[in-house]
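The chains referred to below are lettered A, B, ... by the order of the sequence lines, with proteins before strands, and numbering in each begins at 1.
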Amino acid sequence: MEKTNKTKSQKIKRKKLQRDFFNQPTLKVAQELLGKYIVRKIGSRILTGKIVETEAYIGPRDKASHAFGGKVTARNKAEYLEGGHCYIYLVYGMYWQFNVTTEREGKPECVLIRALEPIIENQKSVSKDSSDKERRNLAGGPGKLCRWLKLDKSFYGEDLTKSERLWLEDRGETIKKSQIVKAKRIGIDYAREWKEKPWRFYIKGNKFVSRY
DNA sequence: TCTACGATTTACT
DNA sequence: GTAAATCGTAGAA
């Protein structure tokens, strides 16, 4: 009888994030998402990554937001959904960007997920060096993490509190305020003074962050 | 319709 | 450090 190996995974707290988590101020959600987990189910396979970097976009006042000025377009309408939905779009003709909506319906605010620390099990045969390098390449950037998790337009508007293929979990980790770095957002030079807002957040010292 | 360009990544000088 | 890849969409006409 296998009584010693009751796998410690059974002890890990796994609470799927619900509506009330997302229906909060965007800057708060962006910071609280650090240390949470993304779970992606592809057939029988499950990919998991810890969120280590985010950015907040707060339309209509934020010039960097696609919903600046309160405009609604075919691309950005998912931003107006209530918290916990997926806003995904293509940039530079080749990379998907995965965002989670926040706040109530009608408020076009969201959090861009910029980097994940991939959780890979069974890596006994791989040397630590090469596996670290490979893991950093998987999801160390908003385009790369979508490539890894196979996220595309089919997730547009998906409700992450109900989806069977993509959701977020709290696994009992808390990132202290002192461990959260606040920085300028990336790739939005067109946004005038809004590009200076310290609305990019990442876990201090984490190796999987996209850029320092 | 037509045109310009981007919430990035990668390769190369 | 600079530039190319690559295409759906926003905004103009």
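Donor-acceptor pairing under 3.5 Å, judged by distance alone, is present between the side chain of A:Y89 and the base of B:dA7.
For the pair A:R211 CZ and B:dA7 P, the interatomic distance rounds to 13 Å; values are reported in whole Å. Rounded to whole Å, atom C1' of B:dT8 lies 8 Å from atom CZ of A:R114. Whole-Å rounding puts the A:K197 NZ to B:dA7 C1' distance at 17 Å. Taking atom OH of A:Y95 as the reference point, atom P of C:dT6 lies 10 Å away to the nearest angstrom. Computed from coordinates, the A:K63 NZ to B:dA7 P distance equals 11 Å when rounded to whole Å. For the pair A:D189 CG and B:dC5 C1', the computed distance is 14 Å after rounding to whole Å.
A:L112 comes within contact range of at least one nucleobase, with a heavy-atom separation under 4.0 Å. Looking at heavy-atom distances under 4.0 Å, A:R147 makes contact with sugar-phosphate atoms alone, never a base. Contact annotation for A:Q97: backbone-only contact, meaning every heavy-atom pair under 4.0 Å involves sugar-phosphate atoms and none involves a base.
Using a 4.0 Å cut-off between charged nitrogen and carboxylate oxygen, A:K107 and A:E109 count as a salt-bridge pair. Residues A:R185 and A:D62 are paired through a salt bridge, judged by an N-O separation under 4.0 Å between the basic side chain and the carboxylate.
Applying the 4.5 Å side-chain rule to ILVMFWY residues, one finds A:Y57, A:L112, A:I188 in the same cluster as A:Y190.
Across B:dC5 and C:dA3, the matching C1' atoms stand 16 Å from one another, rounded to whole Å.
Legend: residues meeting salt bridge (Lys or Arg N to Asp or Glu O under 4.0 Å) with A:D152, ordered by chain and number and at least two apart, are absent. Looking at residues two or more places apart in sequence or on another chain, you find no salt bridge (Lys or Arg N to Asp or Glu O under 4.0 Å) involving A:K71.
In this structure, the side chains of A:K50 and A:E173 come closer than 4.5 Å at one or more pairs of heavy atoms.
Near DNA chain C, meaning a heavy atom under 4.0 Å away, there are no residues from residues 98-110 of chain A.
Under 3.5 Å, the side chains of A:E169 and A:W167 contain a donor-acceptor pair of N or O atoms.
In this structure, CG on A:D170 lies 14.0 Å from NZ on A:K16, to the nearest 0.5 angstrom.
No side-chain donor-acceptor contact under 3.5 Å links A:R104 to the backbone of A:E82. Counting only distance, with no hydrogens or angles, the side chain of A:N99 and the backbone of A:I88 share no donor-acceptor pair below 3.5 Å.
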Which nucleotides of DNA chain B pair, in dot-bracket form (Watson-Crick or G-U under 3.5 Å, | meaning another strand)
||||||.|||||.

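A stacking contact links A:Y92 to B:dT8: the aromatic ring centre lies within less than 5.5 Å of the base's six-membered ring centre, and the planes differ by less than 30°.
Taking the six-membered ring for Trp and the full ring otherwise, A:Y212 and A:Y202 have centroids separated by under 6.0 Å.
Taking the ring axis of A:F201 as reference, the NZ or CZ atom of A:K182 does not stay both within 45° of it and closer than 6.0 Å to the ring centre.
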Mark up nucleotides 8-13 of chain C, 5' to 3', with B wherever a protein heavy atom is under 4.0 angstrom from a base atom, S wherever such an atom reaches only the sugar-phosphate, and - elsewhere.
SSSS--

